[in-house]
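Beneath this line is the structure, given in structure tokens, with notes to follow.
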Amino acid sequence: MSAANNAPNILISAAGEDAAWKEAMVARLPGAKIVTGDENYDPETIDYALFWKQPQGLIKTLSNLKAIFSLGAGVDHVVSSPSLPADLPVIRLEDAGMADQMVQYHLYAALHFMRDFDIYSDQQAKADWTQHPVARISKCRIGVMGLGALGAAVATALSSLGFGVSGWSRSMKAIDGITTFAGKETLGEFLGQSDILICLLPRTSETENVLNSTTLSFLPKGAAIINAARGAMINEADLLRALDTGHLRGAFLDVAVTEPLPESHPFWDHPKIRITPHIAAETRIEESVEQIAENIDRINRGETPRGLVNRETGY
């Protein structure tokens, strides 16, 4: 039998961080029975599962789940499972301390190009003291692809600093100070006015390879790309071609199709690419646990949880 409403059975599978998540969950829900994947438990008694890159086939064993919580902003590792029941709620973290980190990362990366730090880095290697005019921040047009919680936070923060910011998403969003576009029919127009393109799209079947030879060609000559979403958003061969032909100025990449990035990958030593190892924003466990506990309470009261994933769109 399932646990009582106020004392749920919870399973944690968090890609090697199970112990930290369990400690925090036990502190927040002391009455709950909380186990990790390497402990003995009865799969039929599990009410809630907390997953990050869970083992393949695990979902199929949990026949009485009320919901799955993704321990990150992305949910592709859950919704892509072929054994996921169609009616089982999947809940994502709405922020969990990631928004501020994403803002910091993208401000640094945007300034890297706007203030010509990429050029000065190359000049330093040549002992070249050439100075370049400082661009006006208002003349630097930033486009943000993906206007969910993280994309909206980044767009709003950059706009507040004086950048000219526009945003693109699957459906129309209204954000103060941001010019917004929606739908495939507006993508070319949006890209055409993005001197720096930020990708914060969720990973779905529609967004994989969304930045390819065709869409990259819509960007203004000399544009730059920042990607801290998923590596699958960009066709890597097409990106390299756009950089090598001079159409694109550079790329600031926190993600890749294969992670860790293989040592032999051409991104590592490409002069126009800056690499960081998927560190743009980490999930803060304390904030996450609070969200999860509150959503368990909502579900037990018969209410709709926050961060509920639309299974049709994948986010």
Side-chain angles (χ1 to χ4, degrees), residues 51-53 70-82 84 90-95 98-99 102 105-106 109 142-155 165-173 175 178-194 196-219 223-242 248 251-259 261 267 276 278 280-281 283 307-315:
F51 284 161
W52 183 251
K53 299 180 179 178
S70 172
L71 301 181
V75 296
D76 45 289
H77 60 289
V78 175
V79 298
S80 63
S81 172
L84 181 67
V90 177
I91 302 166
R92 58 178 170 78
L93 296 175
E94 293 187 293
D95 180 349
M98 289 180 280
M102 278 293 188
Y105 184 92
H106 287 88
I142 294 182
V144 179
M145 293 185 77
L147 295 175
L150 300 180
V154 169
V165 181
S166 60
W168 181 88
S169 53
R170 182 176 181 272
S171 57
M172 183 57 73
K173 304 286 179 65
I175 304 175
I178 311 299
T179 302
T180 55
F181 297 82
K184 293 180 180 178
E185 64 278 6
T186 69
L187 182 56
E189 181 184 359
F190 161 77
L191 293 172
Q193 60 180 41
S194 299
I196 298 175
L197 179 67
I198 291 173
C199 182
L200 283 171
L201 290 167
R203 181 177 181 176
T204 69
S205 58
E206 291 186 1
T207 61
E208 288 190 13
N209 280 317
V210 66
L211 295 174
N212 51 52
S213 59
T214 299
T215 50
L216 292 174
S217 70
F218 295 149
L219 290 166
I225 288 180
I226 304 167
N227 185 18
R230 291 288 187 269
M233 305 302 165
I234 301 179
N235 183 297
E236 293 184 345
D238 291 348
L239 174 61
L240 287 168
R241 192 174 301 111
L248 294 183
F252 211 109
L253 306 175
D254 188 51
V255 290
V257 172
T258 301
E259 295 183 9
L261 191 66
F267 280 180
T276 53
H278 207 142
T283 302
L308 183 65
V309 173
N310 182 325
R311 297 285 290 279
E312 290 186 7
T313 62
Y315 55 88

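Everything numeric in this text was worked out from a predicted model, so none of it was measured. Basis for what follows: all heavy atoms, side chains included, without hydrogens, waters or symmetry-related copies.
Counting heavy atoms from C-beta outward, I226 and Y105 have side chains that approach closer than 4.5 Å. Put simply, the side chain of L84 reaches to within 4.5 Å of the side chain of R311, judged on heavy atoms. Here the side chains of L201 and W168 are in contact, with some heavy-atom distance below 4.5 Å. Here the side chains of L187 and F218 are not in contact, with every heavy-atom distance at 4.5 Å or above. Side-chain contact between L211 and L197 is present, with heavy atoms from C-beta onward closer than 4.5 Å. Residues M145 and L191 have side chains in contact (heavy-atom distance under 4.5 Å, counting atoms from C-beta outward). With contacts defined as side-chain heavy-atom distances shorter than 4.5 Å, the pair L239/L253 qualifies. Proximity of S70 to W52: side-chain heavy atoms (C-beta onward) are separated by under 4.5 Å at one or more points.
Minimum interatomic distance between E259 and D254 (heavy atoms only, all atoms of both residues): OE2-O, 4.4 Å. Looking at every heavy atom in both residues, A155 comes nearest to I178 through O-CD1, 3.5 Å. For the pair S194 and A223, the tightest heavy-atom approach, listed with the atom from each and the gap, is O-CB, 3.7 Å. Summarising the geometry of V210 relative to T215, their closest heavy-atom pair is O-OG1, 2.7 Å, with the distance given to 0.1 Å. Between V75 and G314, the shortest heavy-atom contact is CG2-O, 3.4 Å. Shortest non-hydrogen contact noted between R170 and A182 is O-CB, 4.2 Å.
Annotation: the span from L150 atom CG to E94 atom CD amounts to 10.5 Å, rounded to 0.5 Å. With rounding to the nearest 0.5 Å, the separation of CD1 in I198 from CE in M102 is 10.5 Å. How far CD1 of I225 is from CD1 of I234: 5.0 Å, rounded to the nearest 0.5 Å. The distance from the CZ atom of F181 to the OG atom of S166 is 5.5 Å, given to the nearest 0.5 Å. Considering CG of L147 and CE of M172, their distance stands at 9.5 Å, rounded to 0.5 Å. Remark: L219 CG to I196 CD1 distance equals 11.5 Å, nearest 0.5 Å.
Checked by atom type and distance alone, the side chain of S217 pairs as donor or acceptor with a backbone atom of T214 at under 3.5 Å. Within the 3.5 Å criterion, the main-chain N or O of N212 finds no donor-acceptor partner in the side chain of D238. For the pair D76 (side chain) and V79 (backbone), a donor-acceptor distance under 3.5 Å is absent.
Atom CD of E312 has 12 or fewer heavy atoms from other residues, nucleotides or ligands within 6.0 Å.
A search for ring-ring contact (aromatic ring centres under 6.0 Å, His included) contacts involving F267 returns H265, not counting sequence neighbours.
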Determine, stepwise, if the pair V255 / M233 fulfils side chain to side chain contact (heavy atoms under 4.5 Å, CB included). CA-CA 10 Å; V255 290; M233 305 302 165; over 6 Å; no
